[in-house]
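Counting convention: from 1, in listed order, for ligands and their atoms alike.
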Amino acid sequence: MSDDEADHDLLDFLRQHFNKTALTPKIPETQVLEGAEYVYDNSIDVALDYLSTKAAAAMIYEQMQKKEYSTKTWSSHELHPKAKDESTVAFIFTMDLLNFSFWSELDEEERFAVEYKGKKWTGYWSLVAALQRALDEDIPITSSDFWQNEDECTEEVLKHVFRSATEEEIPLFQERMSCLREAGQILYEKYQCSFRNCITAANGSAAALVNLLADNFPCFNDVVKFENRKSVRFLKRAQICVADLWAAFDGEGHGEFNDIDKITMFADYRIPQMLNTLGCLWYAPPLENAIRKKKVIESEHSWEIQLRGCSIWCIELIRREILRNHPDAKINAILIDFFLYDTMKEREIADEEPIPHHRTRSIWY
Ligand SMILES: Nc1nc2c(c(CN[C@H]3C=C[C@H](O)[C@@H]3O)cn2[C@@H]2O[C@H](COP(=O)(O)O)[C@@H](O)[C@H]2O)c(=O)[nH]1
């Protein structure tokens with residue numbers, strides 16, 4: 001074959017190959033589930049109990065049916081915003097920028113709490129209460145212009161927004177302030193100061209919006225190295241941000257996504273606790289001992305990664321088991337997760353915490 005003929009064939013091949021890849025639109029994937037399965041397959045301190053997982057699937061399905069658990073449950077919570085408009089989009093973005101690490105070593109009376117509407121709110125609800133209280137006080141806490149305006153949005157104004165009803169202040173205050181400043185700067189530089197434009201850029205894909213948040217906002221880029229060999233994407237706050245949008249808008253308008261079932265469970269510190277209580281998640285004795293003694297487990301420690309990865313995989317198995325028995329069920333990992341979180345909170349209030357949740361302090365969850 002002459003050189004010319006060889007060049008011609010190569011050009012032909014490249015032209016065909018290039019056009020093919022250019023023509024087939026890349027389907028957005030988050031790789032969260034693949035990473036979770038890898039962690040599960042390589043975990044030795046956390047395991048899943050198959051029979052308990054099957055039983056949990058039946059119980060969860062039955063309870064969700066009984067409670068008519070759906071996206072509408074989200075807006076029914078007293079503190080969640082009800083308006084189906086851009087103010088709720090901005091609220092959810094602000095909330096999920098800061099939706100991490102509320103746990104405290106102090107008891108219920110002394111832990112960080114926010115007083116709002118005549119109640120003391122703790123944990124995740126302390127964040128939602130603080131944001132609602134700020135808006136009631138005409139502080140534009142959900143505006144990215146405000147976050148960037150260091151003359152108006154000063155440290156003491158933010159301390160006022162997150163002021164506590166107890167002696168303990170909100171955990172990781174400085175990190176929360178940095179998340180707002182960073183996100184404000186990125187929205188200004190890339191999205192004309194509005195998270196609404198990120199949703200538009202994702203073009204109806206939940207996975208694309210998760211990836212957009214992780215790829216453009218470092219504080220959403222929740223990725224770890226498992227045992228120094230595999231990069232695992234958990235993307236907890238990026239995923240729960242998309243899930244909160246979907247639920248708040250009942251899957252319509254600003255919450256309409258054509259691939260919402262690609263969103264996995266959100267790897268936090270509550271759901272692993274619930275899965276262990278249900279017998280689904282099993283801890284090796286040294287890990288169980290550390291959790292029962294409320295020992296801090298460092299962020300990115302193998303135990304922490306195993307807890308997070310195995311929890312995501314466990315909810316996936318529960319989701320598959322439910323759909324195997326009820327093919328028409330309107331259920332996905334988001335609703336199973338939300339249901340378990342709310343159930344865990346009810347049990348916590350009823351003081352039924354058979355085992356503590358694990359203690360890792362980080363901005364990731
Ligand atoms: N996996 C998962 N993690 C969740 C939530 C929520 C609240 N979601 C609301 C929206 C819909 C639902 O119906 C809920 O009403 C907060 N968290 C995480 O838990 C931790 C706070 O715990 P505690 O300190 O005890 O409040 C912290 O990491 C926080 O990021 C969830 O739903 N799933």
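Between the side chains of E321 and N325, at least one donor N or O sits under 3.5 Å from an acceptor N or O.
Taking the six-membered ring where the residue is Trp, the centroids of F217 and F93 are separated by under 6.0 Å. Taking the six-membered ring wherever Trp is involved, the centroid distance between the rings of Y69 and F339 falls below 6.0 Å.
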Subject >> Intermediate values then yes/no, ring pair (Phe, Tyr, Trp, His ring centres under 6.0 Å), F338 and F266 >> reply: CA-CA 9 Å; F338 281 173; F266 317 111; 5.8 Å; yes
Ligand 1: which protein N/O atoms lie under 3.5 Å from its N/O atoms?
from	atom 1	to	atom 2	distance (Å)
ligand 1	1 (N)	F266	O	3.0
ligand 1	1 (N)	D268	OD1	3.3
ligand 1	1 (N)	D337	OD1	3.2
ligand 1	1 (N)	D337	OD2	2.9
ligand 1	3 (N)	D268	OD2	3.3
ligand 1	13 (O)	Y69	OH	3.3
ligand 1	13 (O)	H77	NE2	3.3
ligand 1	13 (O)	D342	OD1	3.2
ligand 1	13 (O)	D342	OD2	2.7
ligand 1	15 (O)	H77	NE2	3.2
ligand 1	15 (O)	D342	OD1	3.1
ligand 1	19 (O)	D268	OD2	3.1
ligand 1	24 (O)	Y269	OH	2.9
ligand 1	25 (O)	R270	NE	2.5
ligand 1	25 (O)	R270	NH2	3.0
ligand 1	25 (O)	K345	NZ	2.7
ligand 1	26 (O)	Y124	N	2.7
ligand 1	26 (O)	Y341	OH	2.8
ligand 1	26 (O)	K345	NZ	3.4
ligand 1	30 (O)	N99	O	2.9
ligand 1	30 (O)	N99	OD1	2.7
ligand 1	30 (O)	K236	NZ	2.4
ligand 1	33 (N)	D337	OD1	2.5

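Counting non-hydrogen atoms of other residues, nucleotides and ligands closer than 6.0 Å to OH of Y124 gives a total above 12.
With contacts defined as side-chain heavy-atom distances shorter than 4.5 Å, the pair W303/E298 does not qualify.
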